[in-house]
Amino acid sequence: MQVDILSSLTAAQREAATHIDGPLLMLAGPGSGKTRVVTHRIAYMLKEGIQARNILALTFTNKAAEEMKLRIDRLIPGQNLWMGTFHSFCARLLRQYGNLVGLADNFSILDTKDSKKALQSATDEARIDLSHTSIDTVLWEISNAKSNLRTSQEYERESASKFSGVSEVTRQIYPVYERFLLRSNAVDFDDLLLHVAVMLRDNQQLRHDLDQRYKYIMVDEYQDTNLAQYAIVRALSLSNQNLSVTGDPDQSIYAWRGASISNILEFEKDYPEARVVRLEQNYRSTKRILRAADDLIANNKQRKQKELFTNNGEGEPVKLVCFPHPNDEADAIAARIASEVERGSRSLRDYAVFYRVNAFSRPLEHAMMKQGIPYQVVRGLEFFQRKEVKDLLSYLQLINNPSNDVAFQRVVNLPARGIGKTSLQHIINHAQRYQLTMLEACREAGLIESLSKRAATAINKFVTLIDVLTVSIHMPVSELLVDVVEQTGYGDFVDAQDAKADEDRRGNVDELINAAREFEREMNESTLEAFLEHVALVSDVDDLDIDPDRVTLMTMHAAKGLEFPSVFVVGVEHGIIPHERSLEDAAAEEEERRLLFVGITRAEQQLQLSYCQRRTYRGQTRIASPSQFLYELPRDEMECHIPAGGLSAVSLGGLGSQYELEADFIENLNSDFDVDQTLVNNREDDNPESQIPVPLEDIAAQLQTAAQLVGKKRAAKRDAASFHSGMQVLHNDYGIGLILAITGKGAKRTATVKFANHQERKFRLAFAPLTPVNDSGDD
DNA sequence: TATTATCCAATTTTT
DNA sequence: TTGGATAATA
């Protein structure tokens, strides 16, 4: 039987799969069959007689956990193995032992938005002045602190010497926020981990018990663990060092969220006994794709050297294509997919398009729709973020946990029931004065003098409403939900809105009720509490179905762990990948490179990277230039459809000659250049929505001509001191503009520039990122 | 108090 | 362009 399980593994894989006792580090490159090894290893352990209940397997996504469970079940059916995310594991522990950190077992889990609301409330309550920081910054700072195992006290101590605005404000707010959450019997995502880590640290008995219980621990994507997760894993594997972790430092893309890559890099220090297995053979991609990935990632300095190889064929050349505009980019991709599918060489599910920011899905969606290509957009939390859904869930939260003030505030006047801002403020004051939760304060509405009689009545009605609903707390969630929709008046409210604005909010409501029904059907434990936990810890991504025959659109972050026969990466542009916010920080830039590496290595057979000359983003069209990462690819063996002169004609980051590509654009300065037809002139229709997709080859050909047309028009020198009115200039952020006037002298010399979007701005010539666009040939 | 207008800021986001 | 958060108004 063992032979069955191991026979399909290679030597290296088998070595990892049969290493049961003692620490194990599996460095697994992309496409190296990691999941296969992990699942086979577990199956092997079970066969060897290890109890399923002694195994703890931690993943980052529910999807990954499900996938593994499924595959193990295929190898050894009928084992009841617990597998899940760090967060759900911690939530489960906290339900049991939460009292150790001051949580009742019906605590609520706040999502990021709720956390922000909580933080805002806490800040208001304590009358803390945010001065120059924003609530987002502080939330971020606290989240970071929590990921790094710092409670408010530790933060205070640790940051005592820091005098930046953020840390000063955070020092004040963090303890208040902490108290606010405890009082609300609620945790944010970071708390789930932090509380458990603290609990394990301060409670040796518990630590020991759990250590005994979970004798074999497995962690997937170890490169993405943060300090809190590290501490939890460490605490659970002290007595029994049967810890196996898998990961790939080159695929660490969540450092920005507190993941610390050093966890995996220093595993061998933490566990000197560790066996290290490297899985470097790639079974996924063609040689060419792998070489592109390898060349790219080789530019990272902070890196464990790794040798990727594959026995797969050379494959087609990787494509690099430049387009005038994202609409063309999207059209060309849609057209190619359509034609290949038409030809029968592939099906839609073989294709994925990746981008750096979610907003880039828009032109792609347009193009797919135009072409009638079925597609699915994978977006993190779309469903559970919708207003209707959040509103209704807040009612459920409040019923489940009456202390949840965030939920309370969300629903108290929704639909409007005459409890406005002023009344609410009175309630808040009262609650604060007597240390009550808001719902408790409402129960004393009659005692609050400042409240008008009318308001007091409205509040009493609300309290009664919640009390009545609470009676049904043990009913199936879907029925409770139906009750909520009807009795709170929310259903009518939504219907009224739909009628007025021609929307389908009701549809979302129904969808949520359906989700509840499905939950009842699938889960053996379908209490309200379980449902709320489920929706808090499961995202839409998790039930991403690759099965339906559709093209998949998603961010590169979301793509991790997936693979597709044919992959497009769009918008490989400077300031996009790497993202502009990463430009100053070398470490952040390396992470961006890893991100592109992840994108590239998802591809099995076909890969196309593309960038545009202009990009419409946030309502503004701007000049775009190729990403510096494109220079690091093996372009000589790739198929490049880029303007004459190639990438190198566009100077990196600098503005010097990048608008060489843009000369036609510049010429259109004084005309309305919303739709620039110069490059794509086979369009017959002025309406951008209904334009005919341009075959990729044609666009490439046209680009060449356009570039030739542009010919002599060269960029002026950057240091040109001779700005004058009537002159065309290029601004880093605003694009091309016309100097209307010049005033002042010396350092104060100021230009008034009118930009393409008809905005006028003034710039000090001494510092403004302005470059003259000179048509007098200066070569 | 409730609706409407205006302004502002804007990655990625396993949970 | 979008959404969210305030400010202005009926």
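To find a chain, count down the sequence lines: A is the first, B the second, and so on, and within it residues start at 1.
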Without decimals, in angstroms, what is the distance between H195(A) NE2 and dT15(B) P? 20 Å
Rounded to whole Å, CG of L595(A) lies from P of dT11(B) at a distance of 15 Å
Taking every heavy atom of D224(A) against every heavy atom of S252(A), the minimum-distance pair comes out as OD1-CA, 3.6 Å
I need the OH-C1' distance between Y222(A) and dT14(B), as an integer number of Å. 17 Å
Using the side-chain heavy atoms of K113(A), tell me which of these nucleotides is nearest: dT11(B), dA2(B), dG4(C). dG4(C)
So what does G418(A) hit on the nucleic acid, given a heavy-atom distance under 4.0 Å: a base, only sugar-phosphate, or nothing? sugar-phosphate
Under 4.0 angstrom, heavy atoms only, what part of the nucleic acid is G619(A) near: base, sugar-phosphate, or nothing? base
When you get a sec, tell me which of dT15(B), dT11(B), dA2(B) is the closest nucleotide to the side chain of H579(A)? dT11(B)
Y254(A) ring over dT13(B) six-membered base ring, under 5.5 Å and 30°: no
For the base of dT13(B), is there a side-chain donor-acceptor partner from R257(A) under 3.5 Å away? yes
Identify, between R581(A) and T422(A), the residue whose nearest nucleotide on DNA chain B lies closer to the 5' end. T422(A)
Classify the nucleic acid contact of N413(A) as base, sugar-phosphate or nothing, counting any heavy atom under 4.0 Å across all strands shown. sugar-phosphate
Which nucleotide, dT13(B), dT1(B), dT15(B), lies nearest any side-chain atom of N358(A)? dT13(B)
Got a salt bridge between D248(A) and K34(A), using NZ or NE/NH1/NH2 to carboxylate O under 4.0 Å? no
Could you state the CD1-P distance from I577(A) to dT12(B), rounded to the nearest angstrom? 12 Å
Please work out whether the ring planes of F531(A) and H534(A) are parallel, tilted or perpendicular, with thresholds of 30° and 60°. parallel
Please state how far atom CE in M556(A) lies from atom C1' in dT13(B), giving the value in whole angstrom units. 14 Å
dT2(C) phosphate, OP1 or OP2: any side-chain N/O from R362(A) under 4.0 angstrom? yes
Choose from dT2(C), dT15(B), dT12(B) the nucleotide whose nearest atom is closest to any side-chain atom of V357(A). dT12(B)
NE2 of H426(A) versus C1' of dT1(B): gap in Å, rounded? 13 Å
Selected nucleotide, minimal atom distance to W256(A) side chain, candidates dA2(B), dT13(B), dT1(B): dT13(B)
Does R618(A) get its side chain close enough to the base of dT1(C), under 3.5 Å, for a donor-acceptor pair? no
Quick check on dT1(C): is either OP1 or OP2 less than 4.0 Å from any side-chain nitrogen or oxygen of T616(A)? no
How long is the line joining NZ of K117(A) and P of dG4(C), in whole Å? 9 Å
Heavy-atom closest pair (I577(A) atom, V569(A) atom, distance to 0.1 Å) is CD1-CG1, 4.5 Å
Does S88(A) make a side-chain N or O approach to OP1 or OP2 of dT15(B) shorter than 4.0 Å? no
Pairwise 5' ranking along DNA chain B for S423(A) and E591(A), keeping only the more 5' one: S423(A)
Does T112(A) put a side-chain nitrogen or oxygen below 4.0 Å from OP1 or OP2 of dT15(B)? no
Using atom OH of Y617(A) as one end and atom C1' of dG3(C) as the other, report the distance to the nearest whole Å. 14 Å
Indicate the atoms forming the closest heavy-atom contact of V412(A) with R417(A), along with that distance. O-NH1, 2.9 Å
Evaluate the ring planes of F89(A) and W82(A), with Trp represented by its six-membered ring, and classify them as parallel (under 30°), tilted (30 to 60°) or perpendicular (over 60°). tilted
